[in-house]
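The structure under discussion appears below in the form of structure tokens.
Positions are given from 1 along the sequence.
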Amino acid sequence: MSDKFVLAGIEFTSRLIIGTGKYRSHEEMKAAHKASGAEMVTVAVNRVPLDRKTESFLDHLDPAMQILPNTAGCYDAEHAIRTSRLAREALETDWIKLEVIGDPVTLLPDNEQTLEAARVLVKEGFIVLPYFSDDLIMAKKLLDAGCPAVMPLAAPIGSGMGVQNPSNLRIMREQLPDAVIIVDAGVGVPSDAAVAMELGADAILMNTAIAEAGNAEQMAIAMKLAVQAGRLGYLAGRMPKRLYASASSPIQGAIK
């Protein structure tokens, strides 16, 4: 697609960001990544040997992809800040997907702790992409803190339930027309991805929907196409919804 996705001054062709967890093998992960066309990949800092002394998925990533470390597994701002600093040193990048979880069962984010960590990390020169609940006011606060994008959830992490609050995402898009909005978590099937993009999301980050699919490579292709279709649909502009039928063919000139 000629429609480019620009994030923190870097231009991407793909609007799909992919993960690294839950794949059944490194080969399956590599095949899915290639099929997805994604140019950015997220890595859980707390779940990988950053010293490279043992083999991990880090050894199987396409070096051309932008690495986006994440702070998955952090439950307070202090832990997330320490993890981000570790990621910067080990992976030599200022990019960080900021996750501060508030509940171990639902894995829903702690928005207040996320904001606290974001303010510190932005001041330290990080490119902070915060994962948070789909809350317009918190989105504004995170953007005001200096985050170049916001990453509202569609549904709980790994649930595959799809967009649960489409109105929230639509309102966020309308109220923040210039913000970069990346839907993160909850996508399960390609139609979920298309819906999120049709609501105006600039990109989607997903992992479980591809990694846990029966055929991860095929699902990666399907997700790539769904993101593209949803984006094109959003740009094209949908027809208005009507309570009653509206004939597709005009009545004038009809045979009597």
(message) Using modelled atom types and a 3.5 Å cut-off, is there a donor and acceptor pairing between side-chain atoms of Asp110 and backbone atoms of Val100?
(response) no
(request) Supply the atom-to-atom distance Met219 CE to Ser36 OG, rounded to the nearest 0.5 angstrom. (result) 13.0 Å
(message) Within the 4.5 Å heavy-atom criterion, are Val150 and Val180 side-chain neighbours or not?
(response) no
(request) For a side chain to side chain contact (heavy atoms under 4.5 Å, CB included) with Leu169, tell me which candidate from Leu153, Leu136, Leu199, Val195 qualifies. (result) Leu199
(request) Grab the two heavy atoms, one from Ser133 and one from Asn111, that are nearest each other, plus how far apart they are. (result) N-OD1, 3.1 Å
(request) Answer yes or no: are there more than 12 heavy-atom neighbours, outside Arg170 itself, under 6.0 Å from its atom CZ? (result) no
(message) Could you report the tightest heavy-atom contact between Ala80 and Thr71, atom names first, then the distance?
(response) O-CG2, 3.7 Å
(request) Using the ring of Tyr131 (Phe, Tyr or Trp, six-membered ring only), decide whether Lys97 places NZ or CZ under 6.0 Å from its centre and within 45 degrees of its axis. (result) yes
(message) Can you give me the closest heavy-atom contact between Met197 and Tyr234, atom names plus distance?
(response) O-CB, 3.5 Å
(message) Closer than 3.5 angstrom, by distance alone: can the side chain of Gln113 be matched with the main-chain N or O of Ala77 as a donor-acceptor pair?
(response) yes
(request) Of all the heavy-atom pairs spanning Glu39 and Thr13, show the shortest one and how long it is. (result) OE1-N, 2.7 Å
(message) Using side-chain heavy atoms (C-beta onward) and a distance below 4.5 Å, is Leu61 in contact with Met29?
(response) yes
(message) Between Met206 and Val43, is there shared hydrophobic-cluster membership here, with clusters defined by ILVMFWY side-chain heavy atoms closer than 4.5 Å?
(response) yes
(request) Would you check if the side chain of Asp103 reaches a backbone N or O of Leu108 as a donor-acceptor pair within less than 3.5 Å? (result) no
(request) Identify, with sequence neighbours excluded, every residue that meets ring-ring contact (aromatic ring centres under 6.0 Å, His included) alongside Tyr23. (result) His33
(request) For residues Ala211 and Gly21, report the shortest heavy-atom separation together with the two atoms involved. (result) CB-O, 3.3 Å
(message) Could you check whether atom NZ of Lys224 has more than 12 heavy atoms from other residues, nucleotides or ligands sitting under 6.0 Å from it?
(response) yes
(request) State, yes or no, whether a side-chain contact exists between Arg82 and Leu86 at a heavy-atom distance under 4.5 Å. (result) no
(message) In this structure, would Val227 and Val183 fall into the same cluster of hydrophobic residues linked by side-chain contacts under 4.5 Å?
(response) yes
(message) With heavy-atom distances below 4.5 Å as the criterion, would you say the side chains of Cys74 and Ile101 are in contact?
(response) no
(request) Verify, without hydrogens or angle tests, whether Asp134 (side chain) and Ala154 (backbone) share a donor-acceptor contact under 3.5 angstrom. (result) no
(message) Would you say that Phe132 contacts Pro152 through its side chain, given a criterion of any heavy-atom pair below 4.5 Å between the two side chains?
(response) yes
(message) Is any side-chain heavy atom of Ile127 closer than 4.5 Å to one of Ile96?
(response) no
(message) Under 4.5 Å between side-chain heavy atoms, counting indirect links through other Ile/Leu/Val/Met/Phe/Trp/Tyr residues: same cluster for Ile18 and Ile204 or not?
(response) yes
(message) Could you see if Val120 belongs to whatever hydrophobic cluster contains Val128? Use Ile, Leu, Val, Met, Phe, Trp, Tyr and a side-chain cutoff under 4.5 Å.
(response) yes
(request) Over all heavy atoms of both residues, which pair between Leu129 and Pro148 is shortest? Give the atoms and the distance, please. (result) CD2-CG, 3.8 Å
(request) Ignoring hydrogens and angles, tell me if any N or O in the side chain of Asn168 forms a donor-acceptor pair with the backbone of Asn165 under 3.5 Å. (result) no
(message) What's the separation between atom CD1 in Ile81 and atom CD in Glu78, rounded to the nearest 0.5 Å?
(response) 7.5 Å
(request) Please round to the nearest 0.5 Å and tell me the distance separating atom CG of Asp135 and atom NZ of Lys140. (result) 10.0 Å
(message) Using the rule given for side-chain contact (heavy atoms from CB on, under 4.5 Å), can you reason through Lys141 versus Asp144, listing the C-alpha separation, both sets of side-chain angles and the distance that settles it, and then say yes or no?
(response) CA-CA 5 Å; Lys141 291 179 179 180; Asp144 287 343; 5.6 Å; no
(message) Count I, L, V, M, F, W, Y as connected when their side-chain heavy atoms are under 4.5 Å apart, and connections chain through other members. Are Leu98 and Val122 then in the same cluster?
(response) yes
(message) Treating Glu28 as the side-chain partner and Arg24 as the backbone partner, does any N or O pair qualify as donor plus acceptor under 3.5 Å?
(response) yes
(request) Find the distance between CD1 (Ile210) and CE (Met223) and round it off to the nearest 0.5 Å. (result) 6.0 Å
(message) Please check this pair: side chain of Arg15 against backbone of Ala38, looking for a donor-acceptor N/O pair closer than 3.5 Å.
(response) no
(request) For Thr83 and His79, indicate whether the former's side chain and the latter's backbone hold a donor-acceptor pair under 3.5 Å. (result) yes
(message) Would you compute the distance between atom CE of Met151 and atom CG of Asn70 and round it to the nearest 0.5 angstrom?
(response) 9.0 Å
(request) In plain terms, say whether Lys34 and Glu217 are close enough for a salt bridge, that is, a side-chain N and a carboxylate O under 4.0 Å apart. (result) no
(message) Between Glu92 and Arg88, does any NZ, NE, NH1 or NH2 come within less than 4.0 Å of an OD or OE carboxylate oxygen?
(response) no
(message) Taking atom NZ as the centre, does Lys22 end up with more than 12 heavy-atom neighbours from other residues, nucleotides or ligands that are less than 6.0 angstrom away?
(response) yes
(request) Starting from Ile221, walk the hydrophobic network (Ile, Leu, Val, Met, Phe, Trp, Tyr; side-chain heavy atoms closer than 4.5 Å) and list everyone else you reach, by chain and number. (result) Leu225
(request) Supply the atom-to-atom distance Leu91 CG to Leu58 CG, rounded to the nearest 0.5 angstrom. (result) 6.5 Å
(message) With side-chain contact (heavy atoms from CB on, under 4.5 Å) as the criterion, how do Gln66 and Val41 come out once you've worked through the C-alpha distance, each side chain's angles and the decisive distance to 0.1 Å?
(response) CA-CA 6 Å; Gln66 170 72 48; Val41 59; over 6 Å; no
(request) Verify side-chain contact (heavy atoms from CB on, under 4.5 Å) between Asp202 and Phe5, making sure each step is shown before the conclusion. (result) CA-CA 7 Å; Asp202 293 286; Phe5 170 47; 4.0 Å; yes
(request) Taking the side chain as every heavy atom from C-beta outward, state whether Thr42 and Ile67 have any atom pair closer than 4.5 Å. (result) no
(message) Is any side-chain heavy atom of Met40 closer than 4.5 Å to one of Leu7?
(response) yes
(request) Start with the C-alpha gap between Leu176 and Leu143, add the side-chain angles, then the distance that decides, and say whether side-chain contact (heavy atoms from CB on, under 4.5 Å) holds. (result) CA-CA 10 Å; Leu176 303 171; Leu143 292 168; 3.9 Å; yes
(request) Please test Arg85 against Glu124 for salt bridge (charged side-chain N to carboxylate O under 4.0 Å, His left out), starting from the C-alpha separation and ending with a verdict. (result) CA-CA 9 Å; Arg85 291 168 178 164; Glu124 294 184 5; 2.5 Å; yes
